[in-house]
Amino acid sequence: MIIILKKDSQKESVNRLVKILENKGISANFIEGASQSIIGLVGDTSVIDMDNLFAQDCVEEVRRVQEPYKKANRKFHPDDTVIKVRDTVMGNGSLQIIAGPCSVESEEQIITTAIACKEAGATMLRGGAFKPRTSPYSFQGLEGEGIKLLLKARQETGLPIVTEIMSIADLDLFADVDVIQVGARNMQNFKLLKALGECDKPVLLKRGLANTLEELLMSAEYIMAGGNMNVALCERGIRTFETMTRNTLDISAVPLLKQKSHLPVCVDPSHATGIVSLIEPMSLAAVVSGADALEIEVHNDPKSALSDGGQQLTPAKFAEVMTKVKDLAKYMGRTLGK
């Protein structure tokens with residue numbers, strides 16, 4: 001349930017209402033927005049008489065909320081969440097480009113790729129240090145050494161770094177990472193989500209391979225319930241009966257998530273399609289759909305990549321894609337980066 005307050009409500013009247021609610025065992029969360037202020041109620045709201053609420057002179061409207069997610073719900077938080085990542089922001093209407101290799105393989109590879117990505121217009125650097133792979137015999141990443149190489153690339157380029165965590169046991173290694181990514185396979189690793197809720201770093205939460213949007217939002221709720229409100233959602237394709245693409249990109253998820261939630265939304269066309277030739281059209285579609293960020297895989301030598309070489313753009317091709325992305329963003333009145 002949410003209570004929409006009248007404009008210019010007196011503080012004493014609002015405090016009195018909050019006390020009444022808390023006396024009934026209801027947790028009342030006051031949220032002040034740009035155009036309106038609300039009180040979000042969490043608890044057994046069946047004990048509340050809505051007619052009595054309207055008797056309070058500060059109450060404009062009362063709405064019951066059916067969705068099980070509260071903190072991630074736009075009804076409780078009408079203004080968009082803006083996440084600051086060093087000198088860049090996500091969720092303020094600008095477009096962020098997160099680019100880099102699937103896996104960090106060597107110092108030369110990550111720094112060369114990072115420089116090329118920045119020159120083409122990337123605003124953040126991605127790279128996998130820990131790699132969840134279907135086969136136990138596939139390259140699993142450089143782990144802690146990979147993070148060190150990402151930090152060197154950040155020092156060289158100034159780009160904030162985004163990398164994936166797989167286990168709570170590795171959390172200390174992410175102390176200097178700018179954005180912690182939770183991959184599709186860990187979207188419902190609830191112990192990990194709870195631990196990330198207690199940290200102060202932005203989290204990029206990817207949708208699971210076969211999860212609904214509500215389940216994605218509930219996973220975000222786990223993080224936010226722990227106190228970390230800096231969560232961005234990522235649509236990276238879901239598993240369907242279609243076999244021509246690696247996954248099926250649910251582009252409708254972007255406007256739907258932005259209707260249902262106040263959190264920034266990112267699209268990963270690389271994992272969604274698994275086909276280099278589809279990354280450009282899907283990136284443009286994501287921009288049109290209102291995505292706050294794109295996450296694109298770029299490798300300085302995809303043919304020699306230790307993982308997912310078939311879905312990684314060369315720096316030259318990435319620069320071509322970025323030219324079209326920039327033109328489209330400009331046409332839509334959106335800025336790149338800050």
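Numbers here simply count residues along the sequence, with the first being 1.
Between the side chain of T123 and the backbone N or O of I97, at least one donor-acceptor pair lies under 3.5 Å. Between the side chain of S219 and the backbone N or O of M187 there is at least one donor-acceptor pair closer than 3.5 Å. Side chain of R86 to main chain of P160: no donor-acceptor pair is present (N/O by atom type, distance under 3.5 Å, no hydrogens or angles). Side-chain N or O atoms of Q56 include none that pairs as donor or acceptor with a backbone N or O of V14 at under 3.5 Å. Under the 3.5 Å distance criterion, the side-chain polar atoms of D170 are left unmatched by any main-chain donor or acceptor of L173. A distance-only check finds no donor-acceptor pair linking the side chain of S270 to the backbone of I296 [under 3.5 Å]. Formation of a donor-acceptor pair under 3.5 Å by the K326 side chain with backbone atoms of A120 is found in this model. For K118 (side chain) and L159 (main-chain N/O), no donor-acceptor pair under 3.5 Å exists by modelled atom type. Without hydrogens or angle criteria, T88 side chain to V85 main chain gives a donor-acceptor distance under 3.5 Å. For E221 (side chain) and K71 (main-chain N/O), a donor-acceptor pair under 3.5 Å exists by modelled atom type.
Rounded to the nearest 0.5 Å, atoms CE (M90) and CG (D80) are 13.0 Å apart. Atoms CG and CD1, on L205 and I180 in that order, are 12.0 Å from each other to the nearest 0.5 Å. How far CG of L256 is from CG of D250: 7.5 Å, rounded to the nearest 0.5 Å. Distance check: S277 OG to L313 CG gives 10.0 Å after rounding to the nearest 0.5 Å. Within the model, atoms CG of D268 and CG of L249 stand 9.0 Å from one another, a figure rounded to the nearest 0.5 Å. With values rounded to the nearest 0.5 angstrom, L21 atom CG is found 6.5 Å from L53 atom CG.
At most 12 heavy atoms of other shown residues, nucleotides or ligands fall within 6.0 angstrom of atom NZ in K330. E242 CD: more than 12 foreign heavy atoms inside a 6.0 Å radius. E22 CD: more than 12 foreign heavy atoms inside a 6.0 Å radius. Counting heavy atoms of neighbouring residues, nucleotides and ligands inside a 6.0 Å radius, atom NZ of K201 exceeds 12 of them. For D200, the CG atom is loosely surrounded, since the number of other residues' heavy atoms within 6.0 Å does not exceed 12.
Salt bridge E61/R63: present, at least one basic N to carboxylate O contact under 4.0 Å. Salt-bridge annotation for E214 and K260: absent, with no side-chain N of the basic residue lying under 4.0 Å from a carboxylate O of the acidic one. Ion pairing between E320 and K317 holds under the 4.0 Å rule for side-chain N and carboxylate O.
When all heavy atoms of I38 and F76 are compared, the closest pair comes out as CD1-O, 2.9 Å. Pairing each heavy atom of S167 with each of L192, the nearest pair is C-CD1, 4.1 Å. The two atoms that bring F54 and E60 nearest to each other are CE2-O, 3.9 Å, heavy atoms only. Closest heavy-atom contact between A116 and P315: CB-CB, 3.7 Å. Taking each heavy atom of S106 and L142 in turn, the nearest pair found is N-CD1, 4.4 Å. In terms of heavy atoms, V287 sits closest to M332 at O-CE, 3.7 Å.
Annotation: side chain of Q188 is in contact with side chain of N211 (closest heavy-atom distance under 4.5 Å). Between Q312 and V276, every side-chain heavy-atom pair lies at or beyond the 4.5 Å cut-off. Looking at heavy atoms from C-beta onward, V104 lies in side-chain contact with L150 at the 4.5 angstrom threshold. Put simply, the side chain of I238 does not reach to within 4.5 Å of the side chain of N247, judged on heavy atoms. Using a 4.5 Å heavy-atom cutoff, the side chains of P101 and Q109 are in contact. When side chains are defined from C-beta on, L278 counts as touching T245, because their heavy atoms get closer than 4.5 Å. A 4.5 Å side-chain heavy-atom check between L171 and L196 finds at least one atom pair inside the cut-off. Between L217 and L233, some side-chain heavy-atom pair lies under the 4.5 Å cut-off.
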Inset, instruction - Decide side-chain contact (heavy atoms from CB on, under 4.5 Å) for V179 and I161; before the verdict, give the C-alpha distance in whole Å, the side-chain angles of both, and the deciding distance to 0.1 Å. - result: CA-CA 6 Å; V179 179; I161 56 175; over 6 Å; no
Inset, instruction - Evaluate the side chain to side chain donor-acceptor pair (under 3.5 Å) criterion for residues T112 and N300: first the C-alpha distance (whole Å), next the side-chain angles of each, then the deciding distance (0.1 Å), finally the verdict. - result: CA-CA 7 Å; T112 300; N300 64 327; 4.8 Å; no
Legend entry - Step-by-step side chain to side chain donor-acceptor pair (under 3.5 Å) determination, Q259 to R74: CA-CA 7 Å; Q259 289 173 25; R74 185 173 286 280; over 6 Å; no
Legend entry - Chi angles and distances behind the side-chain contact (heavy atoms from CB on, under 4.5 Å) call for R16, D57: CA-CA 10 Å; R16 183 168 58 251; D57 56 14; 4.1 Å; yes
Inset, instruction - Tell me, with the steps shown, if E297 and D308 meet side-chain contact (heavy atoms from CB on, under 4.5 Å). - result: CA-CA 9 Å; E297 292 196 346; D308 290 344; 4.1 Å; yes
Inset, instruction - Tell me, with the steps shown, if K7 and S9 meet side-chain contact (heavy atoms from CB on, under 4.5 Å). - result: CA-CA 5 Å; K7 291 183 178 179; S9 294; over 6 Å; no
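Side-chain polar atoms of E105 and H299 form a donor-acceptor pair below 3.5 angstrom. Side chains of S103 and S307: a donor on one and an acceptor on the other come within 3.5 Å.
Evaluated for a salt bridge (Lys or Arg N to Asp or Glu O under 4.0 Å) with E235, the options R207, K206, K258 yield exactly one hit, R207. Considering E107, E145, E108 in turn, E107 is the only one that fulfils the salt bridge (Lys or Arg N to Asp or Glu O under 4.0 Å) rule with K152.
Cluster membership check: I279 shares its hydrophobic cluster with M282, using side-chain heavy-atom separations under 4.5 Å among Ile, Leu, Val, Met, Phe, Trp and Tyr. A continuous path of ILVMFWY side-chain contacts below 4.5 Å connects V265 to V203, so both sit in one hydrophobic cluster. Put simply, I98 and L95 are part of two different groups of oily side chains (I, L, V, M, F, W, Y) that touch within less than 4.5 Å, one to the next. Hydrophobic clustering (ILVMFWY, side-chain heavy atoms < 4.5 Å, transitive): I83 and L193 are in distinct clusters. Hydrophobic clustering of Ile, Leu, Val, Met, Phe, Trp and Tyr side chains at less than 4.5 Å, counting indirect connections, keeps L204 apart from I168.
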